[in-house]
Amino acid sequence: MSEETSLPMPGGPLPSTDRVIPYQGGAVRLSPAAQQTSKAAEEFAKANPMLDALISAKTAEQRKSANRLDDKSQNSLNDLRARMRSTPAKAATVINLHPWDLMFPSGIRLLRGIQIPACHPGMPFAYHHIRGYRMDWEYNEDGTQKFMEILPITLAAQFVREFSDQHNDGGGVIVYEGDGHPDKMGEVEVYDPIGRVQTREVPGVVFNAEDQEEAAMIAVPIKRKLSELIEEARQVRNRIYLDKYRRAYRDYNLPGGKGKFLVTPKHMLISEVLLSEGLIAKLPDWNPGDRSDEGLEQDNCKACGTPRRKGAYKCLSCNSILNALEAFKDYAIEWGHAKFDALTSDEYAEAEAIYEEREKQKAERGKAKKPAGGKTETKK
């Protein structure tokens, strides 16, 4: 395109004799339609001088009050916070006997973020303290909100209801109020499978409408030793685990292997728990176990990547020293080897004591060997 060629412009073409040059600032040439729109906006603004101020003030007020509560709802929230500051919520503890973590989906707001660690095979139990209350609300008839506290023990009871169902994972979840260590707890309240405190009726006294005492049967919580509850839960868990294990074993050995897909990672964890409890003699074919069952360390050799044998102080493939202290004890390396830099202070002190003892023995052997000239022959 030549310099003399004009381009179509809003508002009509330029004369053919004008050169087209890049925009360098200044007034922008608008199309006739845009000019009419701009002129109309200016006239409307002149006719309504307070409009911009009203729009700006309304927008600022909406931003300011976007998350504000009405007075009645705010008072309910303030009362809740003041009540919980004056009487802090007592912590609660959840004990888990299952070899997997316990947690609720993130969509359940009140229980989101609470995770009970797994009880790995061989562990007596795993536990987690829930400290601090969570807040919930409901709407009143007039549309205002009523705020209420959800105590830690109420949150803990939901784990019993969800994960202690014998038709699901089966037992294995115990809760109690307080944050004491399970080994140091005595009697605790007992909860049923749906997370309610179990009670029994005993003779007691109540006050009637005239504030006079009357004899009546009252419900009191049932308490038992926590150690007994844990042992009973373990027995229930093991019984249900055995049933699941037998079903998985049967499914895995169906003709044609058509039942192998029914074996899940949970069945593998269940078999490891049963093995640690002494209820099965060995792991099944569908759970080969981990590296330790094959006599291997969890980490490979850093030099060549070969699996490390348990107890080996050097790699069987590249002869790299894996444990300098054990290698020194076995006379595989000399004092001051480069691998000594990886020793801890205690390991180095042990190696140094061995070195001094060996030097002492070497000197004594040298004194025992004396040639005819009477000079001591020192071994280099």
Side-chain angles (χ1 to χ4, degrees), residues 76-120 123-138 146-202 218-237 240 273:
S76 175
L77 178 60
N78 294 340
D79 291 343
L80 169 62
R81 290 172 174 171
R83 185 169 66 253
M84 299 312 297
R85 281 196 300 268
S86 62
T87 309
K90 192 174 183 180
T93 303
V94 182
I95 295 178
N96 180 24
L97 300 182
H98 296 299
W100 46 77
D101 296 340
L102 305 181
M103 59 187 302
F104 284 85
S106 59
I108 301 180
R109 177 178 53 84
L110 292 175
L111 296 163
R112 183 168 49 213
I114 303 177
Q115 181 172 349
I116 316 302
C119 177
H120 299 293
M123 292 176 57
F125 49 76
Y127 65 94
H128 174 73
H129 302 308
I130 302 177
R131 298 184 174 93
Y133 71 98
R134 300 212 168 176
M135 184 172 58
D136 199 6
W137 63 85
E138 62 183 12
K146 177 184 178 182
F147 291 88
M148 63 202 76
E149 70 275 12
I150 306 299
L151 299 177
I153 190 61
T154 304
L155 300 172
Q158 299 305 308
F159 284 87
V160 177
R161 176 188 60 78
E162 182 69 18
F163 301 105
S164 192
D165 183 5
Q166 296 188 14
H167 300 289
N168 189 12
D169 292 329
V173 182
I174 304 166
V175 300
Y176 60 87
E177 199 169 30
D179 55 0
H181 192 280
D183 285 338
K184 298 180 181 179
M185 295 296 296
E187 289 188 340
V188 297
E189 294 177 350
V190 181
Y191 289 77
D192 62 16
I194 61 174
R196 298 178 304 186
V197 178
Q198 294 186 11
T199 60
R200 58 188 177 89
E201 291 189 346
V202 297
I218 59 175
V220 297
I222 298 175
K223 290 189 175 183
R224 292 185 55 194
K225 289 185 177 179
L226 180 59
S227 58
E228 295 179 356
L229 294 176
I230 294 176
E231 184 58 31
E232 287 182 6
R234 177 176 286 105
Q235 296 299 326
V236 173
R237 180 205 65 180
I240 296 175
V273 170

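Fair warning: this is a prediction, and the values are worked out from it, not measured in the lab. Computed from heavy atoms alone, side chains included, the values below leave out hydrogens, waters and symmetry copies.
When all heavy atoms are compared, the tightest approach of Leu226 to Pro182 is CD2-O, 3.6 Å. Taking every heavy atom of both residues into account, Ala156 and Val175 meet most closely at O-CG1, 3.4 Å. For the residue pair Glu231 and Gln235, the shortest heavy atom distance occurs at OE2-NE2, 2.8 Å. Scanning both residues, Thr93 and Gly180, for their nearest heavy atoms gives OG1-O, 4.4 Å. Taking both residues in full, the closest heavy atoms of Arg109 and Arg134 are given as O-NH1, 3.7 Å, listed atom of the first, atom of the second, then distance. In terms of heavy atoms, Pro124 sits closest to Leu97 at O-CD2, 3.5 Å.
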Criterion side-chain contact (heavy atoms from CB on, under 4.5 Å) on His98 and Val273, from CA distance to verdict: CA-CA 9 Å; His98 296 299; Val273 170; over 6 Å; no

Evaluate the criterion side-chain contact (heavy atoms from CB on, under 4.5 Å) for residue pair Phe125 and Ile174; output intermediate values, then yes/no. CA-CA 10 Å; Phe125 49 76; Ile174 304 166; over 6 Å; no

Step by step, work out the side-chain contact (heavy atoms from CB on, under 4.5 Å) result for Arg200 and Val220. CA-CA 6 Å; Arg200 58 188 177 89; Val220 297; 4.0 Å; yes

With side-chain contact (heavy atoms from CB on, under 4.5 Å) as the criterion, how do Ile153 and Tyr191 come out once you've worked through the C-alpha distance, each side chain's angles and the decisive distance to 0.1 Å? CA-CA 11 Å; Ile153 190 61; Tyr191 289 77; 3.0 Å; yes

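Rounding to the nearest 0.5 Å places CD of Gln115 at 4.5 Å from CG of Asp101. Considering CG of Asp192 and CZ of Arg161, their distance stands at 11.5 Å, rounded to 0.5 Å. Rounded to the nearest 0.5 Å, atoms CZ (Phe159) and CD1 (Ile95) are 13.5 Å apart. Atom-to-atom distance recorded for Lys146:NZ and Trp137:CH2 is 15.0 Å, nearest 0.5 angstrom. A distance of 11.5 Å separates CD1 of Ile230 from CZ of Arg237, quoted to the nearest 0.5 Å. Rounding to the nearest 0.5 Å places OG of Ser227 at 8.0 Å from CG of Leu229.
No side-chain heavy atom of Leu110 sits under 4.5 Å from any side-chain heavy atom of Phe104. Between Val202 and Ile218, some side-chain heavy-atom pair lies under the 4.5 Å cut-off. Residues Val188 and Glu177 form no side-chain contact, since every pair of their non-hydrogen atoms from C-beta on lies 4.5 Å or further apart. Side-chain contact between Gln198 and Arg224 is absent, with no heavy-atom pair separated by less than 4.5 Å. When side chains are defined from C-beta on, Leu151 counts as touching Met84, because their heavy atoms get closer than 4.5 Å. Between Asp136 and Glu138 the shortest side-chain heavy-atom distance does not fall below 4.5 Å.
Of the possible donor and acceptor atoms, one in the side chain of Asn96 sits under 3.5 Å from a partner among the backbone N and O of Pro117. Of the possible donor and acceptor atoms, one in the side chain of His181 sits under 3.5 Å from a partner among the backbone N and O of Asp183. Between the side chain of Ser86 and the backbone N or O of Arg83 there is at least one donor-acceptor pair closer than 3.5 Å.
Using a 30° and 60° split on the angle between ring planes, Tyr127 and His129 fall in the tilted class, from 30° to 60°.
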